[in-house]
Protein chains: 2
Amino acid sequence: MSVDEATAQSQACPIVQVIDRVAGKWSVAILAATLSEPVRYTELEQAMPGISRRMLTLTLRNLERDGLLTRTVYPTIPPRVEYLATDSARELFTHLDGLTDWARRHQPDIIQAVEEFTASQQ
Amino acid sequence: MSVDEATAQSQACPIVQVIDRVAGKWSVAILAATLSEPVRYTELEQAMPGISRRMLTLTLRNLERDGLLTRTVYPTIPPRVEYLATDSARELFTHLDGLTDWARRHQPDIIQAVEEFTASQQ
DNA sequence: CAGAATCCCTAGAGATACTG
DNA sequence: CAGTATCTCTAGGGATTCTG
């Protein structure tokens, strides 16, 4: 691939779109938690140690907006809201497996590269 | 996968590590441009329309630090510096193809989902 | 040519308190 | 229970200027 081709591809690049959609600090974790079964708001809050209500709600809204998550409200008292990943999100996750493998295989290399680089900067 | 399993996986999650490494605004584009041949600093600057020198240098340094890019200095006058993606980065990119396919296939769905969601918020 | 240094501004994210 | 509403802080990123 030439530099120009790379540039053109990067502009409307599908990969960039995927990354943008999933780059949030909690997005992947929340999707992973809702892949196989509906999960309630409070369950998610407990499953994500350290997340604030604000970020939980914001991330859920974004995922719902992008069609990666469905939000189902049961109008009971007290209210009950369940979140479930869509087929689209499940399919996305199958493609993430390749990346996961890469990360696992190259983790030592990366750590070493970072150490060497840091050392070379004194 | 249970909620707890998803949580545990998300903590030291390899996927999160990959995303963190590639989530920068210009990282993927720069890697793509240097995949097949060494590219000079100025060539990169011209190939990435809109990038500032600051971000170009910062992104290059991060990629170099993570072992995804090599930086070769030719001590000539004027100086000449070439950047080239490593094998590690090239292998990473093969795994990005799956994501690219997903993005291309689901682009219409996502656009529609966003439109419907926006509409439903009045 | 290939950067380093500086200033600034905004979006992402945390903490806390309030509510249908 | 499942959210809003504020306030705040930091890091990512842009614009501009300086230099070996």
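Since the model is a prediction, treat every value here as computed from it, not as a measurement. First the proteins, then the strands, lettered A, B, ... as listed; each starts at 1.
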Integer-rounded Å distance: [N] [atom2] and [X] [atom1]:
X: A:I19; N: D:dG12; atom1: CD1; atom2: C1'; value: 16 Å
X: A:R40; N: D:dA2; atom1: CZ; atom2: C1'; value: 9 Å
X: B:I51; N: D:dG13; atom1: CD1; atom2: P; value: 10 Å
X: A:Q46; N: D:dG3; atom1: CD; atom2: P; value: 14 Å

Query raised in the report: Only one of A:T59, A:T86, A:L60, A:L84 forms a side-chain contact (heavy atoms from CB on, under 4.5 Å) with A:L69, so which one is it?
Result: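 When side-chain contact (heavy atoms from CB on, under 4.5 Å) is applied between A:L69 and each of A:T59, A:T86, A:L60, A:L84, only A:L60 qualifies.
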Under 4.5 Å between any side-chain heavy atoms of [X] and [Y], yes or no?
X: B:M48; Y: B:M55; answer: no
X: A:L56; Y: A:W26; answer: no
X: B:E91; Y: A:H106; answer: yes
X: A:T34; Y: A:T70; answer: no

Query raised in the report: Any chance the side chains of B:T57 and B:Y41 put a donor and an acceptor closer than 3.5 Å?
Result: yes
Query raised in the report: Would one find a side-chain N or O of A:T42 under 4.0 angstrom from OP1 or OP2 of D:dA2?
Result: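 Yes, A:T42 has a side-chain N/O under 4.0 Å of OP1/OP2 on D:dA2.
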Report task. For DNA chain D, determine which residues of residues 52-86 of chain A have any heavy atom closer than 4.0 angstrom to one of its atoms, and list them numerically. Result ->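 Of all residues in residues 52-86 of chain A, the ones placing a heavy atom under 4.0 Å from DNA chain D are A:R53, A:R54, A:T57, A:R61, A:R71, A:P78, A:P79, A:R80, A:V81, A:Y83.
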Query raised in the report: Can you tell me how far the NZ atom of A:K25 sits from the CG atom of B:D20, to the nearest 0.5 Å?
Result: 9.5 Å
Requested in this report: Drop me the distance from A:R53's CZ to A:T42's OG1, to the nearest 0.5 angstrom.
Outcome: 7.0 Å
Query raised in the report: What are the 5'-most and 3'-most nucleotides of DNA chain C lying under 4.0 Å from any heavy atom of chain A?
Result: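 Both ends considered, the range comes out as C:dA13 to C:dG20.
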